[in-house]
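Here's the structure we're looking at; comments come further down.
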Amino acid sequence: MREYLPLLFVGAVVGVFSLIFLLAWWWDRHRKTVPDFDRHIPDGEIIRRLAKYALPYKKEFLLVLVIMLASIAYDLASPLIVGRIEELIKNRFEPSALLRWVALYAGILIVSMVCTYFQAIILQKTGQKILSALRENLFTHIEGLSHDQLNQIPVGKLVTRVTNDTNAISMMFTNILVNMVKNAFIVVGVLAAMLMLNYALTLMILCFVPFLVLFTVIFRTFTRKVHRVVKDRTTDINTFLSENLSGIKITQIFNQEDRKLSEFLAKSEALRWAKQNQTFVFGIFRPMVYMLYISSVLCLLYLGGKGYIQDTVFLGQAMTSGTIVSFYLYISKFFNPIQTLAEQFNQLQSAFASAEKIFTVLDMEPEVVDEPDAIELDSLRGEIEFRNVWFAYKPDEWVLKGVSFHVDPRQTVAFVGATGSGKTTILSLICRNYDIQKGQILIDGIDIRRIKISSLRRRFGQMLQDVFLFSGTIRSNIVLREEGFTDQEIWDACRYVNADSFISKMDRGLDEEVRERGGNFSAGQRQLLSFVRTILHRPDVMILDEATANIDTETELLIQDSLEKMRNIGTMLIVAHRLSTIQHADQIIVLSHGEILERGTHQELLAQKGRYFQLYTLQFNRQKLLGA
């Protein structure tokens with residue numbers, strides 16, 4: 001009995017660590033945790049949905065599987081060859097036999113290396129194709145979300161979904177899954193080889209497997225939580241950076257750098273703690289697996305060495321030096337893949353956490369969609385009618401209350417009212433950026449819900465107060481993605497709105513660089529560029545939402561002539577606080593708290609001496625005072 005005391009000691013050490021792991025797992029299950037860190041989508045569902053992206057490349061994955069099976073021949077055969085060489089040296093040494101075994105070893109190694117190379121190349125190409133398809137699908141889905149849904153999601157969060165999270169999934173296809181399968185084959189193959197070589201020693205090694213399974217299951221419970229926390233903290237810091245770098249000028253104006261720095265440090269510290277916990281969890285698990293590996297080696301050397309030296313048997317099987325050497329190498333090849341599997345499981349949980357966040361976005365059903373029988377429009381006459389329209393951004397907080405009006409084709413209609421009266425909302429509803437709750441909106445007598453959204457918006461030209469310019473050139477910002485516009489057509493549009501005066505002074509003209517968000521242009525210049533691209537695309541209905549707000553008085557006078565010419569293009573809808581810009585409108589609608597107070601021409605409304613008269617008189621007196 002005393003000769004087995006070392007084995008009992010090893011078993012006691014492993015048992016103590018197992019008990020500690022079980023207590024930690026029990027404590028974690030019964031303590032209060034943050035619900036948001038629990039996985040909402042099961043792993044099986046995530047795998048099923050990801051498999052749809054991999055299915056078109058099943059031939060490539062099948063080829064990788066075949067190559068992989070060839071590459072693991074080295075892992076299975078090399079211990080046997082080394083053991084045979086050891087026996088050869090110990091018994092009757094023959095140089096020619098030694099060279100044959102060494103050549104066989106080298107040949108198997110070369111085949112394995114070549115197979116591994118081609119496996120990596122195929123996987124990387126296939127993985128990038130899958131990644132591109134997933135990113136395209138995600139980006140297209142985001143483009144289809146309504147304005148209300150996009151307003152609820154921080155830009156930084158969407159950027160993280162399209163970049164960081166998709167990269168994690170790419171690693172799963174190019175590395176994690178295939179290597180997990182490869183390591184699983186190696187474990188099974190090594191186990192089979194050990195059983196054939198010496199089943200008694202194999203049974204001894206298998207005594208450690210239940211503990212290995214226990215450690216892995218407990219580790220899985222902890223690692224999925226810490227990965228979710230890391231992903232959330234990464235999203236938080238990306239969202240913070242996206243927002244605050246865009247608004248850094250405001251931070252500098254109000255001298256809030258220190259406060260923003262402290263907020264950034266707090267989020268950075270939260271991410272550091274999350275990553276530290278992740279490292280801590282994995283830093284405990286891998287040494288535990290290594291402890292099991294060392295324990296099995298110690299048992300092998302004790303039992304095998306004892307049996308070989310004393311010329312005894314273990315469970316009826318004799319021990320040879322070659323068997324001990326082969327088993328020593330096999331134990332390494334048995335536990336190393338398991339250790340690698342643990343590391344890859346760590347990465348797999350990261351990929352699953354990323355996939356869940358991506359699918360959360362993909363599962364968002366767009367609120368504004370085409371009807372099944374929606375039609376295409378080749379052109380619009382520009383007749384617009386609101387019939388008892390009610391609309392609210394939030395339930396029961398009505399922004400429009402029973403609004404009804406009619407706009408004839410090629411008519412210019414202006415909307416006037418205080419901030420929050422519903423002017424911009426009306427323009428957004430016409431373009432179907434939102435869907436109304438009650439009533440009906442008609443374009444050329446057709447309910448806009450029966451028109452395809454892309455077809456409807458293609459017929460509108462929108463000139464907004466907050467002009468967005470993309471990085472690129474003046475030309476690319478004017479033509480956008482459309483092709484077929486000549487330089488002459490672009491310059492004609494520029495002259496039409498008097499934008500040629502500043503573009504022609506640029507060193508590179510239409511090819512002048514536009515930096516991020518058009519930061520190298522003045523507000524007035526950006527507004528003029530928005531006028532140019534609207535005119536160039538020849539819309540049937542033009543929308544101007546405070547489009548002259550950022551233009552100086554001199555430029556405004558130039559644009560008044562352009563607006564008069566633009567009235568001949570099609571129907572024009574204008575929202576303006578400067579009443580001087582809408583005096584020639586065919587109809588002016590005065591709004592207050594989502595209801596229409598007055599309507600008529602400029603002179604008719606002045607004659608009524610109502611709300612419009614008050615607004616006009618107030619602005620006239622203010623301008624007169626400023627002029628004095």
Side-chain angles (χ1 to χ4, degrees), residues 41-81 104-140 165-196 216 220 330 333-356 358-359 362:
I41 304 178
D43 290 353
E45 177 69 12
I46 291 176
I47 293 174
R48 185 186 65 80
R49 296 181 66 171
L50 288 175
K52 293 181 179 179
Y53 292 94
L55 195 60
Y57 307 98
K58 56 186 178 183
K59 292 182 179 178
E60 286 82 352
F61 284 109
L62 184 60
L63 177 60
V64 167
L65 181 62
V66 174
I67 295 175
M68 180 181 64
L69 292 175
S71 69
I72 65 177
Y74 168 77
D75 296 285
L76 300 180
S78 58
L80 290 174
I81 296 175
L104 178 62
Y105 185 95
I108 294 175
L109 177 60
I110 292 172
V111 170
S112 177
M113 293 173 62
V114 171
C115 290
T116 302
Y117 169 78
F118 282 106
Q119 172 187 314
I121 294 295
I122 296 172
L123 280 177
Q124 285 298 325
K125 289 183 177 180
T126 305
Q128 289 305 314
K129 291 177 182 178
I130 294 173
L131 177 61
S132 297
L134 180 60
R135 275 184 175 158
E136 181 181 349
N137 191 9
L138 181 59
F139 185 76
T140 303
D165 291 330
T166 51
N167 280 332
I169 294 176
S170 174
M171 284 293 296
M172 185 181 71
F173 283 114
T174 58
N175 182 27
I176 301 171
L177 287 179
V178 173
N179 282 332
M180 288 183 74
V181 173
K182 178 180 179 180
N183 288 322
F185 276 123
I186 291 176
V187 169
V188 173
V190 167
L191 185 60
M194 287 193 299
L195 284 170
M196 289 186 293
T216 303
R220 181 177 182 269
Y330 271 133
K333 293 190 178 296
F334 182 73
F335 278 92
N336 279 344
I338 294 177
Q339 286 181 303
T340 305
L341 280 170
E343 183 176 350
Q344 289 167 343
F345 184 81
N346 191 34
Q347 297 170 348
L348 185 64
Q349 287 300 313
S350 175
F352 279 179
S354 296
E356 180 185 32
I358 289 174
F359 290 139
L362 290 175

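As a basis for the values below, the full set of heavy atoms in this structure was taken, side chains included, without hydrogen atoms, waters or symmetry mates.
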| note | Residues passing the side chain to side chain donor-acceptor pair (under 3.5 Å) test with E45, sequence neighbours excluded, are R48
| request: With sequence neighbours left out, write down each residue that passes side chain to side chain donor-acceptor pair (under 3.5 Å) with Y53, or none if nothing qualifies. | output: N137
| request: List for me each residue that meets side chain to side chain contact (heavy atoms under 4.5 Å, CB included) alongside V114, sequence neighbours excluded, and say none if there are none. | output: I110, F118
| said: I'd like to check L65 versus F185 (side-chain heavy atoms, cut-off strictly below 4.5 Å). Are they in contact? | reply: yes
| field | Contact summary for A351 and A168, nearest pair of heavy atoms | value | CB-O, 3.6 Å
| said: Do M113 and T116 have side chains that approach each other closer than 4.5 Å (heavy atoms only, starting at C-beta)? | reply: no
| Listed partners of E136 passing salt bridge (charged side-chain N to carboxylate O under 4.0 Å, His left out), at least two apart | none
| Residues in side chain to side chain donor-acceptor pair (under 3.5 Å) with Y57, at least two apart? | none
| task | Please name all residues satisfying side chain to side chain donor-acceptor pair (under 3.5 Å) with T166, sequence neighbours left out, ordered by chain then number. | result | R135
| said: Holding to side chain to side chain contact (heavy atoms under 4.5 Å, CB included), I want the full list of residues that pass it with Q119, two or more places apart in sequence or in another chain. | reply: V64, I67, M68, S71, L123, V178, N179
| said: Working to the nearest 0.5 angstrom, can you tell me the gap between S112 OG and Y117 OH? | reply: 15.5 Å
| query | Which pairs with one or both residues in residues 59-70 pass side chain to side chain donor-acceptor pair (under 3.5 Å), sequence neighbours excluded? | reply | none
| task | May I ask you to test the T126-F173 pair for a side-chain heavy-atom distance under 4.5 Å? | result | no
| Minimum heavy-atom distance A355-L50, with the two atoms named | CB-CD1, 4.1 Å
| said: Working to the nearest 0.5 angstrom, can you tell me the gap between I358 CD1 and L134 CG? | reply: 5.0 Å
| query | In chain order, what residues pass the ring-ring contact (aromatic ring centres under 6.0 Å, His included) check against Y105, with sequence neighbours excluded? | reply | Y74
| said: If the condition is side chain to side chain contact (heavy atoms under 4.5 Å, CB included), which residues does A193 pass it with, not counting sequence neighbours? | reply: Y330
| Listed by chain and number, what are the salt bridge (charged side-chain N to carboxylate O under 4.0 Å, His left out) partners of K333, not counting sequence neighbours? | D75
| Which heavy atom of I108 sits nearest a heavy atom of A77, and at what distance? | CD1-CB, 3.8 Å
